[in-house]
Amino acid sequence: MQTVTRFAPSPNGHLHMGHAYAAIVAHDLARAADGRFLLRIEDIDGPRSRPELADEFRRDLEWLGLEWHEVPAQSTRLESYAAAADRLLEAGLLYRCTCTRKQIAALEPRARPDGIAYPGSCKDKVHSSGEPAALRLDVDAAVAQVGEIVWTDARAGSVIADPRDFGDVVIVRKDLPASYHLAVTLDDAADGVTLVTRGEDLFTSTHVHRVLQELLELPVPHWHHHGLLLDKGGEKLAKRRGSPPLSARREAGEDGLMLAEQLRLQDLPLGT
Ligand code: GLU
Ligand code: ZN
């Protein structure tokens with residue numbers, strides 16, 4: 001089977017060094033296996049998406065010396081998200097949640113790196129129709145249905161999928177036709193991705209994706225969670241914190257090929 005990897009940036013901010021590293025990891029793993037490296041623009045976050053950034057991303061990747069095959073952007077795939085959500089809804093695995101972030105935080109301010117575990121307050125609530133609602137996965141019901149399943153990570157090896165860390169995770173957002181979890185799982189399957197590469201900060205998300213694959217009878221790829229580039233203070237290089245965008249370095253005449261080579265030498269540990 002041919003190895004297919006992808007880089008899936010969201011056009012809501014410039015690419016920075018962390019993105020360059022992620023793109024290079026995905027690109028190089030495909031190249032080493034004589035496979036294919038895909039670019040997918042994750043642009044369903046309408047209000048925050050800036051279409052002009054997708055072009056900038058392509059110029060940035062070219063500047064880094066990468067070659068890719070671009071697959072359709074997420075905004076063209078909304079029907080597949082709706083169909084999958086309907087299927088989960090019909091299976092009785094989703095319920096409507098009208099809570100605001102604030103309400104959830106007040107209910108259970110269990111700090112998580114990537115959000116707040118939801119305590120299930122809306123599970124048995126009767127909603128008046130028309131109220132804006134997200135759709136959440138009844139994670140206990142989902143786990144009961146799929147039983148014990150595993151997934152394979154390049155460093156962690158065989159991992160038992162346990163999505164409960166997130167609580168009843170959002171599958172369709174209140175304001176968008178999908179959540180990150182649903183969209184990325186469906187798209188990776190549709191694009192034939194066989195090796196999902198992503199930063200180790202998303203390691204726990206993979207539990208959710210693995211369960212969704214099982215519920216929706218999707219093919220199961222392998223995963224490669226990579227370490228994150230840190231700044232001098234040991235903090236994750238985040239979009240908003242300091243790191244100059246790739247576009248600025250490119251426009252300033254910096255050598256992208258050299259930068260890519262430096263990033264390849266980073267030799268970050270694989271994610272945990
Ligand atoms: N659009 C996501 C991001 O930019 C993709 C993450 C993933 O690879 O799953 O972080
Ligand atoms: Zn709720």
Side-chain angles (χ1 to χ4, degrees), residues 3-32 35-77 113-114 176 180 183-184 187-188 191 193 195-202 205 224-271:
T3 297
V4 180
T5 66
R6 52 57 171 183
F7 175 58
S10 303
N12 53 26
H14 300 288
L15 298 186
H16 59 78
M17 291 284 270
H19 292 108
Y21 181 74
I24 289 168
V25 168
H27 170 272
D28 288 5
L29 283 169
R31 197 183 51 185
R36 266 155 69 87
F37 168 60
L38 310 180
L39 170 67
R40 182 176 67 231
I41 304 295
E42 306 222 312
D43 61 346
I44 48 168
D45 198 345
R48 295 180 62 216
S49 270
R50 290 161 51 198
E52 72 280 8
L53 285 177
D55 262 334
E56 180 182 293
F57 294 177
R58 294 181 195 105
R59 286 194 294 274
D60 291 340
L61 295 179
E62 208 172 273
W63 174 68
L64 291 167
L66 306 186
E67 278 172 39
W68 65 91
H69 171 76
E70 185 164 348
V71 293
Q74 285 193 325
S75 55
T76 67
R77 304 179 190 221
D114 38 12
L176 300 179
Y180 156 69
V184 80
D187 294 347
D188 283 341
D191 295 337
V193 173
L195 179 61
V196 175
T197 66
R198 60 165 69 109
E200 64 186 354
D201 53 334
L202 289 169
S205 293
H224 176 111
H225 291 90
H226 56 77
L228 302 173
L229 289 182
L230 303 177
D231 65 19
K232 289 187 195 89
E235 277 212 76
K236 184 185 152 186
L237 270 188
K239 281 179 202 172
R240 284 165 216 85
R241 250 183 283 130
S243 162
L246 298 181
S247 54
R249 307 175 82 122
R250 172 165 55 77
E251 281 155 17
E254 204 176 310
D255 185 339
L257 297 180
M258 201 133 91
L259 180 68
E261 283 317 310
Q262 281 163 3
L263 286 170
R264 286 186 171 100
L265 293 174
Q266 282 285 324
D267 197 24
L268 294 178
L270 293 176

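A quick note: this is a predicted structure, and the numbers were derived from the prediction, not measured.
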Enumerate the residue pairs fulfilling salt bridge (Lys or Arg N to Asp or Glu O under 4.0 Å) with a member in residues 9-27, sequence neighbours excluded, ordered by first and then second residue.
-> none
Any residue meeting side chain to side chain contact (heavy atoms under 4.5 Å, CB included) with Q262, in chain and number order, not counting sequence neighbours | M258, L259
Passes side-chain contact (heavy atoms from CB on, under 4.5 Å), L38 versus E70? Steps please.
-> CA-CA 6 Å; L38 310 180; E70 185 164 348; over 6 Å; no
In short, salt bridge (Lys or Arg N to Asp or Glu O under 4.0 Å) pairs touching residues 18-30 with sequence neighbours left out are D28-R31, D28-R264
Measure the CZ-NE2 distance between R198 and H224 for me, rounded to the nearest 0.5 Å.
-> 12.0 Å
Residues in salt bridge (charged side-chain N to carboxylate O under 4.0 Å, His left out) with R77, at least two apart?
-> D187, D191
Report yes if the side chains of S10 and D45 come closer than 4.5 Å at any heavy-atom pair, otherwise no.
-> no
Working for side-chain contact (heavy atoms from CB on, under 4.5 Å), residues V184 and V196 | CA-CA 10 Å; V184 80; V196 175; over 6 Å; no
For the atom pair CG (D201) and CG (L228), what is the distance rounded to the nearest 0.5 Å?
-> 4.5 Å
Sub-4.5 Å side-chain heavy-atom contact between H14 and L53 = yes
Less than 4.5 Å apart, any side-chain heavy atom of I41 and any of S75?
-> no
Could you pull out all residues at least two apart from E254 that satisfy salt bridge (charged side-chain N to carboxylate O under 4.0 Å, His left out)?
-> R249
Partners meeting side chain to side chain contact (heavy atoms under 4.5 Å, CB included) with T3 (sequence neighbours left out) | T5, A33, T194, L195
Quick one: pull up CG in L246 and CE in M17 and give me the separation to the nearest 0.5 Å.
-> 7.5 Å
Partner set under ring pair (Phe, Tyr, Trp, His ring centres under 6.0 Å) for Y180, not counting sequence neighbours | H209
May I ask you to test the L39-L66 pair for a side-chain heavy-atom distance under 4.5 Å?
-> no
side-chain hydrogen bond (donor to acceptor under 3.5 Å, both in side chains) against D188, all qualifying residues, sequence neighbours excluded | R6, R40
Sequence-distant partners of D55, side-chain hydrogen bond (donor to acceptor under 3.5 Å, both in side chains), two or more places apart | R58
Which of these, I24, V25, L61, sits in a side chain to side chain contact (heavy atoms under 4.5 Å, CB included) with F7?
-> L61
Just do the side-chain contact (heavy atoms from CB on, under 4.5 Å) check on E200 and H226 with the steps written out, would you?
-> CA-CA 5 Å; E200 64 186 354; H226 56 77; over 6 Å; no
side-chain hydrogen bond (donor to acceptor under 3.5 Å, both in side chains) partners of S247, counting only residues at least two apart | E56
Qualifying ring-ring contact (aromatic ring centres under 6.0 Å, His included) pairs, either residue in residues 48-77, two or more places apart | none
Test side-chain hydrogen bond (donor to acceptor under 3.5 Å, both in side chains) applied to T76 - qualifying residues, sequence neighbours left out = none
